[in-house]
2 protein chains.
Amino acid sequence: MLNPAADTHLEKGIVTQLRAYLAQIELPDDGRLPPERELSTALGVSRTELRKALDVLEAEGQLWRHVGKGTFMGSRPLDTFADIAALARRSNPAEVMRARIVMEPEICRAAAFTATPEDIAEMRMCLTRSRQAETWRQYEAWDTRLHRTIAEASQNTLLLGLFDTLNAVRRAVTWGRLRTEPVKPLPNHHSFAEHEAIVDAIEQRDIAAAAACMRAHLQTVERKLLDRQ
Amino acid sequence: MLNPAADTHLEKGIVTQLRAYLAQIELPDDGRLPPERELSTALGVSRTELRKALDVLEAEGQLWRHVGKGTFMGSRPLDTFADIAALARRSNPAEVMRARIVMEPEICRAAAFTATPEDIAEMRMCLTRSRQAETWRQYEAWDTRLHRTIAEASQNTLLLGLFDTLNAVRRAVTWGRLRTEPVKPLPNHHSFAEHEAIVDAIEQRDIAAAAACMRAHLQTVERKLLDRQ
DNA sequence: ATATAAACCAAAATGAAATTGGTATCCGAC
DNA sequence: GTCGGATACCAATTTCATTTTGGTTTATAT
């Protein structure tokens, strides 16, 4: 290796050799090609050199790689974070509350316009059931269902899907000591009146009030989370 | 067991016994309760009888069960379809526009508060690049990137994830003839001024204006879609 | 200096084994 | 005969250890 030009030429040679190999090889449906360790012996080059060549092709966008998965021809599938677990891993309770405050009032605004009497009846049922709850767990179940019923009432599949995603992340995020203690919710719990104000606004088709009440409610929830030592 | 009334009474006794047990027991976060085999020995009843009691509570909606998973307090989680393809299949352009009008103005409002100068610089770049676009395709690329930069500027991973999901559905939904024709965007295209108003508002930290401008922009987009024959 | 081989790491896939709600069967008690 | 209890079995699901895979480091030789 006296000459750096010869060196470069050799590396490029591996790239072209790899290109030729990939052009002739029969690939499975998912475009996955053999693991690096196989490929290197098949091409008669060291794994280090093969990886350099793969780096080039990856930079060109001809293939993509992922640890544990393998190396694939074509472009990487959209890594849209629709993955609940991945989202929950990167997020935290503060973000969840902020996201709820951003989304739910507007969903509630839409729902005030589109909710059917049947929707509203279900909301009322959630209200009474949550008041009758004997444990925090039961209360939370009816609270969650109320919020989802409102999202359903928006009559928008996509909004409902986004709401569900948010909710799934909320459940998956680690709340730690923020969790409620195992005591029965008191009758003067702030959420009762706030929930009723929301449903009232929806029933009266007071669109602005519906959004405002939902926002106020969620802000109270957020504040209570911070208050708890 | 000479008396059928006594029989019935005994069964109800198991139900109330189970209710009392569930009220006192400490449940894990997911509301899962011990497997039937444990529960039956813990309560000193046969599995058959326990299952009858569980059937009652399940009919009441107090709990739900699933083979292999277990028995859980509360109501069955609705199968959230966070799957992009499934969402796109059930949705349509109208829903996509409505969802954008619900979400993006509020995300924009948050971004006006949290955007860094670097974020704003990137938004400005998107503005100039979209003006220079030679094709609709290029224009859309920069338009999409502008909207996503705004979502990034909200500094909320979860909101960004929801925005990405919405965007993925938007791309996946069938637009048909609503698609733009392959002509270069005209310099007086409505979006240019609207985009600049949005970025201006964000830069001046005019939170209300940022939300309002984004809402106005998306409403214009929606109207233009309807105008086109 | 550079390339190679080897070892190691964490993410992901894989597969066997255990768990769990649901169901059928058999047996005994009344 | 009917009903409850015990047992065994089934299929869906989870759990856990193992393997595979791309990425990284280290040591060695030329």
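The chains referred to below are lettered A, B, ... by the order of the sequence lines, with proteins before strands, and numbering in each begins at 1. Computed from a predicted model, the values in this text were never measured in an experiment.
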Considering only heavy side-chain atoms of A:Arg51, the closest of C:dT20, D:dG22, C:dG21 is D:dG22

Winner on side-chain proximity to B:Pro35, out of C:dT20, C:dA13, C:dA10, is C:dT20

Pairwise 5' ranking along DNA chain D for B:Lys69 and B:Val45, keeping only the more 5' one
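In this pair, the answer is B:Val45.
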
Query - A:Tyr139 ring center near A:His189 ring center (under 6.0 Å) - result: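 Yes, they do, as the ring centres are separated by less than 6.0 Å.
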
Check: What do you reckon, are the aromatic ring centroids of A:His147 and A:His195 less than 6.0 Å apart?
Finding: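 Yes, the ring centres sit under 6.0 Å apart.
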
Could you tell me whether a side-chain N or O of A:Ser154 sits under 3.5 Å from a main-chain N or O of A:Ile150, the two making a donor and an acceptor? no

Exercise for review: Using atom types as modelled and distance alone, determine if a side-chain donor or acceptor of A:Asn167 lies under 3.5 Å from a backbone N or O of A:Asp164.
Suggested key: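 Not at all, since once roles are kept as given, no pair shorter than 3.5 Å links the two residues.
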
Output the rounded distance in Å from [atom1] ([X]) to [atom2] ([N]).
X: B:Glu38; N: C:dA18; atom1: CD; atom2: P; result: 17 Å
X: A:Asp55; N: D:dG22; atom1: CG; atom2: P; result: 12 Å
X: A:Leu63; N: D:dG23; atom1: CG; atom2: P; result: 10 Å
X: B:Glu36; N: D:dC9; atom1: CD; atom2: P; result: 19 Å
X: B:Asp30; N: D:dT14; atom1: CG; atom2: C1'; result: 13 Å
X: B:Glu49; N: D:dT7; atom1: CD; atom2: P; result: 16 Å
X: A:Glu58; N: D:dG22; atom1: CD; atom2: C1'; result: 10 Å
X: B:Leu50; N: C:dT20; atom1: CG; atom2: P; result: 13 Å

May I ask you to decide whether [X] forms a salt bridge with [Y], counting only side-chain N to carboxylate O separations under 4.0 Å?
X: A:Lys69; Y: A:Asp30; result: no
X: B:Arg90; Y: B:Glu95; result: no
X: A:Arg124; Y: A:Glu196; result: no
X: B:Glu106; Y: A:Arg215; result: yes

Please state whether the phosphate of [N], meaning OP1 or OP2, lies under 4.0 angstrom from any side-chain nitrogen or oxygen of [X].
X: B:Arg37; N: C:dT19; answer: no
X: B:Lys52; N: D:dG4; answer: yes
X: B:Ser46; N: D:dG4; answer: no
X: A:His66; N: C:dA12; answer: yes
X: B:Arg65; N: C:dT20; answer: no

So A:Thr48, base contact, sugar-phosphate only, or nothing? Heavy-atom distance under 4.0 Å. base

If you go through the side-chain atoms of B:Arg47, does one of them form a donor-acceptor pair with the base of D:dG4 closer than 3.5 Å?
no

Angle of first-five versus last-five pair axes in the helix from C:dA1-D:dT30 to C:dC30-D:dG1, to 10 degrees: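 Rounded value for the end-axis angle: 20°.
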
By nearest-nucleotide position on DNA chain C, the 5'-leaning member of A:Arg32 and A:Gly68 is A:Gly68

